[in-house]
J.: 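Can you keep this structure in mind? I'll have questions shortly.
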Number of protein chains: 2
Amino acid sequence: MNTSQLQALNASQAAALLTRRELKSEDLVRACLERITEREGDIHAFAQLDPDAALSTARALDAGPVRGLLHGLPMGIKDLFDTADFDTTYGSSVYAGYRPRTDASPVALCREAGAVVLGKTVSTEFAYFTPGPTRNPHNTAHTPGGSSSGSAAAVADHMLPLALGTQTAGSIIRPAAYCGVVGFKPSLGRVSSGGVKSLSPTMDIVGGFGRSVRDVGLLGAVLTGDTRLSGWSALSASDSPRIGFFQTPSWPQADTDVQRAWEQATRVLSAQAKDCQDVITPENFADLIQLQKDVMTFEMARALSHERIHHRVRLSTPLNSLLDDGMAMTGASHAANLSTVADWRQRIDALFENHDVLLTPSTTGIAPEGTATGDPLFCRSWSILGLPSVHLPFTTGKNGLPVGLQLVGRFGQDHHLLAAAHWVHEHLKG
Amino acid sequence: MNTSQLQALNASQAAALLTRRELKSEDLVRACLERITEREGDIHAFAQLDPDAALSTARALDAGPVRGLLHGLPMGIKDLFDTADFDTTYGSSVYAGYRPRTDASPVALCREAGAVVLGKTVSTEFAYFTPGPTRNPHNTAHTPGGSSSGSAAAVADHMLPLALGTQTAGSIIRPAAYCGVVGFKPSLGRVSSGGVKSLSPTMDIVGGFGRSVRDVGLLGAVLTGDTRLSGWSALSASDSPRIGFFQTPSWPQADTDVQRAWEQATRVLSAQAKDCQDVITPENFADLIQLQKDVMTFEMARALSHERIHHRVRLSTPLNSLLDDGMAMTGASHAANLSTVADWRQRIDALFENHDVLLTPSTTGIAPEGTATGDPLFCRSWSILGLPSVHLPFTTGKNGLPVGLQLVGRFGQDHHLLAAAHWVHEHLKG
């Protein structure tokens with residue numbers, strides 16, 4: 001086959017070809033590496049790359065049996081995951097040159113399923129707000145978002161078909177939105193986070209990026225061990241999902257680009273889906289934003305204790321400020337917050353009696369100009385609630401930058417969410 | 001003061017003296033080191049020791065300001081926690097000679113509060129069932145229990161006043177019971193586990209061992225950031241806790257030693273506490289045992305993916321068998337189990353409408369003879385429910401080995417649990 005545009009294949013398209021041995025992993029890896037060579041000087045998606053090791057792994061996979069769902073697929077790993085064959089910095093100079101002994105669990109699972117790790121992608125400093133060097137591939141004057149900056153940018157720019165990320169506030173959905181790719185955050189607790197730098201265990205979740213819903217379904221199936229995430233069939237018109245339209249109390253922060261995307265999406269879906277309704281906002285739903293912030297602040301200050309105590313001068317001012325704030329909070333308030341979170345996680349389930357999925361904004365607008373990674377406002381509630389969500393890119397806003405919306409699913413029903421997301425995405429892309 | 005028996009001081013007694021500068025940390029550390037020299041050849045509590053570093057740290061603390069609640073207290077750290085100045089093996093030859101870059105969060109927090117880390121204590125292999133070399137200090141022909149074997153044995157044997165442990169099934173409460181010390185497992189989610197080897201994030205929790213309830217309260221206050229855990233006042237007769245007696249559906253597995261301890265405790269408490277009632281067993285409570293096993297098996301197989309894939313020959317047969325079982329389980333069943341767990345955590349709260357704390361067995365009996373670490377049967381339910389619990393030693397059984405019972409508290413009410421546990425313990429010790 002023509003190998004000049006292999007890097008543009010979606011992960012699921014490539015996986016099908018690789019599994020049927022109609023595409024060599026080596027050729028796909030080579031195409032991605034060429035794209036990286038061409039573009040990395042502008043995008044800075046990678047913290048580290050190992051082309052030779054990737055090609056060697058690809059050749060071994062080409063010569064052996066099909067290993068699993070990700071057989072032969074090039075992948076990027078956010079530099080928040082431990083890797084035994086790449087340095088792991090967590091986006092901080094504190095860990096310059098640090099080489100862990102062991103692959104983080106999600107990395108080991110992806111490799112077991114046949115993935116070829118090309119390199120580590122740039123994370124913001126400890127996945128908080130201080131940005132790395134990555135630029136938005138659609139316009140390098142704009143941020144790719146954070147904290148999974150490099151993963152989102154690399155997938156958007158066809159450097160890689162698939163990449164791992166993590167979300168605590170909005171670190172998958174936001175960069176997916178800014179870079180115009182599909183981002184998937186599974187239900188809390190479904191993916192082992194062993195060997196992933198711990199920030200806020202109440203919310204930290206591993207997920208990733210692809211260029212279609214089927215792409216992230218492949219990745220999700222490997223991460224969760226649930227084959228239903230890649231095994232769903234496309235829904236027909238007669239079994240279209242029941243969609244709840246949920247602007248949320250943060251809606252006034254959505255700019256005109258998001259408003260236009262919303263109008264377009266709700267118009268199309270209302271015409272095509274058999275059941276679309278506005279969501280009745282649960283009482284005190286707006287409180288979830290502050291709750292998310294408080295839990296994250298408290299937990300990050302403890303999780304990063306060693307760095308806080310021994311490396312303060314090497315941490316950014318915003319991070320030190322967060323850690324100070326967190327240490328000033330009492331464990332009594334944290335305990336009360338954990339109880340509130342548990343109550344909310346039960347309460348929110350009622351929303352899914354009337355809706356299979358919720359359509360809601362991903363971001364306040366397009367990727368902002370500059371390096372600041374943007375506002376996770378529209379992601380915080382879904383992070384603290386632990387619900388699965390998917391970002392779907394489908395239009396553009398100011399400066400031609402990508403805009404899309406988020407679909408949120410019921411806890412543990414990640415496969416239903418993905419099937420619905422595929423249906424919605426097909427209709428929104430037109 | 002007479003320094004010949006300093007190692008016999010409880011942590012809370014020593015902390016009071018250290019804070020008032022009536023005791024030097026160096027003297028206390030030296031007394032512990034002498035005890036270790038005398039006994040370690042029989043007990044094998046330590047994976048690694050650094051006497052010189054400990055003495056140097058102690059001298060620095062003696063010369064400086066009081067640092068915090070654990071100022072000058074010698075501590076042991078279960079070898080499941082990363083430490084930047086000790087090798088960290090997780091109880092496995094896979095990690096022989098491994099030196100992490102960073103202290104695990106709980107270790108950093110303890111040191112920040114003034115603790116002097118004497119060494120790493122023996123853990124079973126990845127905190128599962130394959131034992132290390134540690135023996136029960138009361139009778140070296142018997143197990144100390146697991147997985148926090150070395151921490152429990154060292155505290156019991158007056159080698160250390162305080163030590164860190166972790167529990168996923170019964171790894172704090174069981175060794176505390178077998179060794180006759182106080183073990184404390186805080187509410188799930190209250191203690192950061194960053195840098196602690198991840199096994200089953202749904203249940204993994206950091207806690208520890210002391211020789212009194214006030215000891216573990218000091219440690220708990222530091223770990224949770226909640227000063228109420230060390231700040232409670234002893235309860236008077238008029239505000240005795242409402243105690244629910246809960247044999248649980250596993251009661252037929254309790255042997256005559258536990259039955260005798262139960263009869264003694266319920267007789268004493270019924271006479272002294274103003275409100276003692278038998279707990280009405282929640283419907284399907286017995287299902288929690290299998291639920292705990294299933295979640296742990298699924299999650300450990302993923303968490304230990306790197307070891308499972310790359311180091312199978314260096315893992316024990318029981319561990320490989322567990323990992324195989326876990327990989328054979330579906331992610332779909334795990335998702336369903338997580339939902340069941342969430343429901344249970346809400347449902348169980350109703351028990352605490354009528355009882356402040358629950359009295360329940362810790363183990364099926366005394367520490368078994370041999371090296372097998374015993375059965376966590378009576379701990380599994382409380383682990384999957386994420387409730388705080390304390391083991392209280394108060395009598396002896398066969399061969400003079402320790403026996404006690406467990407007190408379980410309401411989620412997030414760790415300080416109330418500890419105050420109640422102190423009251424109960426005082427009455428049971430007679």
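Model, not experiment: these values are computed from the prediction. Chain letters run A, B, ... following the sequence lines, proteins first, then strands; residues in each count from 1.
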J.: Just give me the residue among A:V94, A:D103, A:T224 that pairs up with chain B most often, heavy atom to heavy atom, under 4.5 Å.
T.: A:D103
J.: Counting only heavy atoms closer than 4.5 Å, note whether A:Q413 contacts chain B via side chain, backbone, both or neither.
T.: neither
J.: Using non-hydrogen atoms and a 4.5 Å limit, figure out which bit of A:I309 sits close to chain B: side chain, backbone, both or neither.
T.: side chain
J.: I'd like to know if B:D356 and B:R410 make a salt bridge, using a cut-off of under 4.0 Å between side-chain N and carboxylate O.
T.: no
J.: For A:H306, check ring-ring contact (aromatic ring centres under 6.0 Å, His included) against everything at least two apart and list the hits.
T.: A:H310, A:H311
J.: A:A303, A:S187, A:G194, A:P106: which one forms the most heavy-atom pairs within less than 4.5 Å of chain B?
T.: A:A303
J.: Between the side chain of A:Q167 and the main-chain N/O of A:F184, is any donor-acceptor distance below 3.5 Å?
T.: no
J.: Checking A:A84 against chain B: side chain, backbone, both or neither under 4.5 Å from a heavy atom?
T.: side chain
J.: Minimum heavy-atom separation for A:P186 to A:V191, with atom names?
T.: CG-CG2, 3.9 Å
J.: What part of A:D343 lies closer than 4.5 angstrom to a heavy atom of chain B: side chain, backbone, both or neither?
T.: both
J.: Just one of A:R111, A:R101, A:K120, A:R99 clears the salt bridge (Lys or Arg N to Asp or Glu O under 4.0 Å) bar with A:D85, so which one?
T.: A:R111
J.: Within a strict 4.5 Å, meaning less than it, do heavy atoms of the A:S305 and A:L323 side chains meet?
T.: no
J.: Just so I understand: if I count every heavy-atom pair under 4.5 Å between each of A:A336, A:S192, A:A301, A:G412 and chain B, which residue has the most?
T.: A:S192
J.: Go through the atoms of B:Y95 and report whether side chain, backbone, both or neither lie under 4.5 Å from a heavy atom of chain A.
T.: both
J.: Relative to chain B, which segment of A:S198 carries a heavy atom at a distance below 4.5 Å: side chain, backbone, both, or neither?
T.: side chain
J.: Heavy-atom distances under 4.5 Å only: say whether B:L188 touches chain A with side chain, backbone, both or neither.
T.: backbone
J.: Quick check: closest heavy atoms across A:M300 and A:L322, and the distance to 0.1 Å?
T.: SD-CD2, 3.7 Å
J.: Picking from A:E112, A:E299, A:H334, A:K197, which has the most non-hydrogen pairs under 4.5 angstrom with chain B?
T.: A:E112
J.: Is it the backbone or the side chain of A:R308 that comes under 4.5 Å from a heavy atom of chain B, or both, or neither?
T.: side chain
J.: Counting heavy-atom pairs under 4.5 Å to chain B, which of A:G189, A:A108, A:P100, A:S105 comes out on top?
T.: A:S105
J.: Using only atom types and a distance under 3.5 Å, with no angle test, would you say the side chain of B:N337 pairs donor to acceptor with the backbone of B:V295?
T.: no
J.: Of the backbone (N, CA, C, O) and the side chain (C-beta and beyond), which part of A:R228 lies under 4.5 Å from a heavy atom of chain B, both, or neither?
T.: side chain
J.: Please rank B:G195, B:A335, B:G225, B:A332 by heavy-atom pairs under 4.5 Å with chain A and give me the top one.
T.: B:A332
J.: Among B:L229, B:L218, B:L219, which residue satisfies the side-chain contact (heavy atoms from CB on, under 4.5 Å) criterion with B:L69?
T.: B:L218
J.: Can a salt bridge be assigned to the pair A:D325 and A:K293 using a cut-off of 4.0 Å between side-chain N and carboxylate O?
T.: no
